[in-house]
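Single-structure report; data block below.
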Amino acid sequence: MRMMGGDSIAILPTAVSCQRNRDVEYPFRPDSNFYYLSGFPEQDAVLVLVPERKHGEYILFCRENDATAEMWNGRRTGLKGACDLYGADDAFPLDDIDDILPGLMENRERVFYTMGLDKAFDQRLMDWLNSVRDKSRMGVHAPAEFVALEHPIHEMRLIKSRTEIKTMRHAIKAATAAHKRAMRTCQPGMMEYQVEAELLHEFMQAGCRDAAYASIVGGGENACILHYTENRSILKEGDLLLIDAGAEHLCYASDITRTFPVNGRFSNAQKQLYDVVLQAQLAAIDKVTPGAAWNEPHEAAVRVLTKGLLKLGLLKGTLAKAIKEEHYKKFYPHKTGHWLGMDVHDVGDYKVDGLWRCFEPGMVLTVEPGLYIPAGSPRVAKKWWDIGIRIEDDVLVTRDGCEVLSRGVPKTTEEIEALMNG
Ligand code: GLY
Ligand code: MN
Ligand code: MN
């Protein structure tokens with residue numbers, strides 16, 4: 001509210017609940033910005049900030065208590081709960097918002113609101129604005145300026161507080177247990193989704209009700225599909241398994257990838273490529289330190305990966321040329337990481353004034369290089385086919401460097417083989 005100024009109003013609805021099929025809804029997950037400011041977990045809610053309003057600055061519109069509705073569809077926080085449990089100064093029934101909100105907008109100069117996310121809500125906001133404009137002959141001033149609400153919130157979300165880091169550690173701990181369980185239980189002949197079940201088991205045992213995103217459990221050729229989520233194939237002897245899975249805790253994500261042999265032993269070719277990716281990841285993590293620029297870890301990873309591909313004969317020519325002409329992109333088409341927080345691909349600008357942003361303490365990012373070599377890749381020896389490897393950790397920028405928050409998941413081939421073989 002201090003950033004907005006006293007002549008403003010902010011309006012922020014939570015996410016819209018989505019239908020899955022007849023009489024069935026997808027599990028509801030609040031909008032991240034809404035939850036960041038309110039902690040309010042229920043659907044059908046709108047947060048309004050009215051700085052310097054005498055009768056209360058922080059208002060929640062939400063569902064009223066209703067014995068019959070709650071008997072059928074679950075408990076509701078209600079208006080009193082919105083104030084007592086979530087710190088709202090005032091709470092009103094969402095059904096009354098059309099009558100109340102225009103009054104709150106009167107004589108405010110600026111509306112902080114993010115347009116374009118929800119067409120139906122955008123239209124309602126225009127209707128409220130017009131009803132304020134209609135009162136101009138009565139001396140009421142209508143807001144003249146619209147400001148995207150997301151930008152100031154995203155800048156706040158980019159730097160994590162101690163409480164947020166603690167929450168993320170919880171999500172990461174759950175994912176750590178899950179990846180270790182997958183390594184322990186994986187056997188040739190299992191279905192990929194059976195390994196996914198082992199992951200979900202650990203998430204929930206650790207107090208995380210949901211995954212932060214659809215888990216990627218891809219064996220052999222499926223490991224070469226970057227966003228593979230079908231998880232419906234049988235795991236084969238001799239193949240690698242790539243698991244990219246993270247738990248969500250209080251709307252904060254973890255995002256971890258490990259790649260390991262289905263039968264517990266890396267083949268020579270698998271180990272050679274794995275060590276290239278591992279060295280690239282360690283070189284990238286080494287660049288995560290306050291003052292270093294966002295692209296430095298990626299450039300370090302590209303250099304090590306390209307060197308390794310040349311050494312193993314997967315690329316030809318000189319290192320300088322292979323980097324400059326981006327030959328490595330054939331096997332490494334993505335970037336080395338992203339911000340991590342409430343959203344797995346979290347908010348926050350990557351460039352400021354056209355330059356890559358520098359790391360600051362409290363930022364959390366992933367470092368996740370990989371190599372993907374589908375069968376039939378031209379001019380690639382058969383021994384490399386169907387190998388897909390990614391190694392992904394969650395990294396906190398600290399005052400003097402960084403902390404790998406997900407370091408508890410085995411990462412070297414020796415550590416992985418030791419865990420898998422008891
Ligand atoms: N799980 C998505 C990612 O690693 O970015
Ligand atoms: Mn991931
Ligand atoms: Mn990631």
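In listed order, ligands and their atoms are each counted from 1.
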Should R29 and D210 count as an ion pair when the cut-off is N to O under 4.0 Å? no
Give the residue, atom name and distance (to 0.1 Å) of the protein heavy atom nearest atom 5 (O) of ligand 1. H345 NE2, 2.6 Å
Any chance you could lay out the ring-ring contact (aromatic ring centres under 6.0 Å, His included) test for H334 and Y372, step after step, and finish with the verdict? CA-CA 10 Å; H334 63 79; Y372 313 92; 5.5 Å; yes
For residues 306-323, please give each side-chain donor-acceptor pair under 3.5 Å, one per line with the distance, not counting sequence neighbours.
unit_1	atom_1	unit_2	atom_2	d
T306	OG1	V302	O	2.6
K316	NZ	G313	O	3.1
T318	OG1	K321	N	3.2

Listed by chain and number, what are the ring-ring contact (aromatic ring centres under 6.0 Å, His included) partners of Y58, not counting sequence neighbours? none
Which ligand 1 atoms does E392 reach within 4.0 Å, using its non-hydrogen atoms? 4 (O)
Taking heavy atoms and a distance under 4.0 Å, where does H227 meet ligand 1: side chain, backbone, both or neither? neither
Relative to ligand 1, is T366 under 4.0 angstrom through side chain, backbone, both or neither, heavy atoms considered? neither
To atom 1 (N) of ligand 1, the nearest of T229, L226, D244, I216 on a heavy-atom basis is D244
Give a yes or no on whether a salt bridge exists between D44 and R76, defined as a side-chain N under 4.0 angstrom from a carboxylate O. no
Tell me whether R232 is salt-bridged to E192, with the criterion being a basic N under 4.0 Å from an acidic carboxylate O. no
List for me each residue that meets salt bridge (charged side-chain N to carboxylate O under 4.0 Å, His left out) alongside E25, sequence neighbours excluded, and say none if there are none. none
Parallel, tilted or perpendicular: which fits the ring planes of H249 and H170, with parallel below 30° and perpendicular above 60°? parallel
Residue and atom, protein N/O/S, under 2.8 Å of the Mn ion (ligand 3): D255 OD2, H338 NE2, E368 OE2, E392 OE2
